[in-house]
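Note sheet for the following structure.
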Amino acid sequence: MRTMLRTLLAFGVLGIPVTMTAQSEFKLEAQTLANPDNEPAPVHPIPHERQLKWNETEFYAFYHYGMNTYTGLEWGNGDEPESGFAPTAAPNPRQWLEAARSAGMKGGIAVVKHHDGFCLWPTASTSHNVTNGGNDFARNTNIPRDFAEAARDLNMKYGFYVSPWDRNSAHYGKDTYVKEVFLRQCAELAQYGTDQFEMWFDGANGGSGYYGGEGGTRSIDASTYYDIPNLRDSVHKVCPDCVMWGVGGEARWIGNEAGWAGETCWSMGTGTSGNENEWKWNPGESDAKATNRGWFWHDGESVLTAERLFQMYLETVGRNATLILNLPPDRSGSLPAATVSRCKELGDMLKNRLGNDLATKATVTASEERTAGATRTYTASNVIDEDKDTYWATNDGTTSATLTFEWDTPQTIRYVSMMEYIRKGQRIKNFKIETSTDGSNWIRQGGNIQTTTIGYKRILPVNGSTSASYGNGVNAKYLRITIEDSKACPLLHTVSIY
Ligand code: FUL
């Protein structure tokens, strides 16, 4: 561990600038004149490999736990005595992650330092940490260590939320904070596992605080203050798959904390809808609460219904964003029983509603299939072969086309899920979905929902509502997806029908 830390510090996390190559790179693909596989050219920007892997995590948990759990605050001022952190039992990150897994989540991000500056691991960067906590459970707490171990054991993804804003530190607002406190903390956290998938840096930056007793208000310019290019490159050298969220510049905030993305949602640009013309790959993540009070646990709070959480899922994961759903541990350091059972209920609902893929039982045809290459085909059936690396494509120049699914017997259909092969850029700009019982009369489905973008994943409820309950579904022997407009030939790797 010592050696790793030395290595990390040596390559720049403590201030030696390194080159700014880490985020959403221009990836120059080897252009061979021959192109023996007849692969379509990418439409830039394209995601970095780590952004692709991050997208595949889709749905994961957020755990806000720390000093605020014991004070009842949402934003501690930074002057809370360390003795106030006093879990009534040993904090149990494994229990947190097991609940998430039962909800169908693939990982989680644990808050290990919030704006109050209290660190949930024994750090050398400040005395405001667990080792000075109020009881033995506190003093033995090491959330990054236990969280990473549990995640690995459960085969889940994991990462940490470390607040750049620190209302406790006397250094905040000065250069010394970045070099001696913040970057050092990130370097320490990187030691807890090179397989982290995301580091979370919230956008709350500067304001009033304790600041080592001096008090007052300190403000910074987040775009320059935190030495982000250095931090990003340094973390990537140790944790190559770790997406730096928010100020880190590799994935974006979806623009609200209510669990929805725009019906149109590009993986470029900012906010709920993104922007199809932006140069940088910047996919959306939606952070939302599963409970009805704050991010941290509060006495008397309740958990949202499984129906409401399912709606959030459809409006985020189903709209080309990821969903990070907050599950707050209580004062015992575990999730309350009500949260655990709601997670299971949600997981069962997801399995029941989005678990039995009817597309795999259909015959699929396309209006056009790209000419095969030496080792690749682009047939319609690639969208149901359960292989994300094979895809259906049209020839260059064809930007509208249809994919038709036909079953031997009529099916009851409620949701259609589509995934673009975004490795070559997000392309589709307009599509529609229709069903038919006879193959000649077609009814457009999806109500008034905008059917513009698809991206990493798009799930369209055929009844046009993400909030209405499950419903009776639509009876169909045929389902047709028409790509009406695309930046270049459309590429779909998977279509699922439920
Ligand atoms: C925000 C913070 O200010 C909130 O307390 C919370 O952690 C949320 C997820 O991010 O920026």
Side-chain angles (χ1 to χ4, degrees), residues 57 59-80 85 96 100 105 107-120 143-144 147 158-169 172 182 185-186 189 197-210 217-223 225-226 228 243-261 270-272 284-298 301 303-304 309 312 316 321-330 335 339:
T57 310
F59 180 30
Y60 37 97
F62 219 172
Y63 300 102
H64 277 71
Y65 173 69
M67 186 62 88
N68 292 339
T69 311
Y70 300 89
T71 59
L73 297 173
E74 278 288 300
W75 279 14
N77 188 49
D79 55 358
E80 297 76 23
F85 180 73
W96 311 355
M105 303 189 209
I109 305 260
V111 172
V112 295
K113 174 193 154 189
H114 203 253
H115 311 329
D116 56 61
F118 186 73
C119 295
L120 298 182
I143 297 296
F147 192 71
Y158 71 95
F160 306 119
Y161 168 128
V162 50
S163 172
W165 183 26
D166 189 324
R167 303 175 91 187
N168 170 265
S169 178
Y172 190 78
F182 179 60
Q185 291 173 345
C186 294
L189 290 171
F197 89 107
E198 177 176 338
M199 234 184 228
W200 217 92
F201 307 101
D202 61 273
N205 281 295
S208 65
Y210 171 68
T217 295
R218 296 186 185 177
S219 55
I220 51 90
D221 175 355
S223 66
Y225 179 63
Y226 297 114
I228 293 298
V243 156
M244 309 292 277
W245 187 88
V247 290
E250 291 186 295
R252 76 174 193 266
W253 185 48
I254 207 67
N256 65 73
E257 293 179 339
W260 61 274
T270 57
T272 54
E285 177 189 83
S286 169
D287 55 330
K289 305 178 194 105
T291 50
N292 67 343
R293 301 276 290 278
W295 290 102
F296 287 87
W297 175 85
H298 296 277
E301 72 184 14
V303 194
L304 306 186
L309 298 174
M312 276 186 191
T316 53
T322 61
L323 173 59
I324 176 168
L325 186 65
N326 191 59
L327 309 171
D330 66 16
L335 296 178
T339 311

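If you're wondering where the values come from, they're calculated on a predicted model, not measured in any experiment. The first residue in the sequence is number 1, and the count goes up from there. One-based numbering, in listed order, for ligands and for the atoms of each.
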May I have the N/O to N/O pairs between ligand 1 and the protein that fall below 3.5 Å, each with atom names and distance to one decimal?
residue  : atom  : partner : partner atom : Å
ligand 1 : 3 (O) : Trp75   : NE1          : 3.1
ligand 1 : 3 (O) : His115  : NE2          : 2.8
ligand 1 : 5 (O) : Trp75   : NE1          : 3.1
ligand 1 : 5 (O) : His114  : NE2          : 2.9
ligand 1 : 7 (O) : His64   : NE2          : 2.7
ligand 1 : 7 (O) : His114  : NE2          : 3.0
ligand 1 : 7 (O) : Tyr161  : OH           : 2.8

Exercise. Quick check, are the ring centers of Tyr63 and Phe147 under 6.0 angstrom apart?
Worked result: yes

Exercise. Any side-chain donor paired with an acceptor under 3.5 Å for Ser163 and His114?
Worked result: no

Would you mind writing out the side-chain donor-acceptor pairs for residues 288-297 within the sub-3.5 Å range, not counting sequence neighbours?
residue : atom : partner : partner atom : Å
Asn292  : OD1  : Ser302  : N            : 2.8
Asn292  : ND2  : Ser302  : OG           : 3.1
Arg293  : NH1  : Asp299  : O            : 3.0

Problem set entry | side chain to side chain donor-acceptor pair (under 3.5 Å) against Glu74, all qualifying residues, sequence neighbours excluded | His298

For this session: Using a strict 4.0 Å threshold on nitrogen-to-oxygen distance, state whether Lys113 and Asp166 make a salt bridge.
Result: yes

Exercise. Residues in salt bridge (Lys or Arg N to Asp or Glu O under 4.0 Å) with Arg252, at least two apart?
Worked result: none

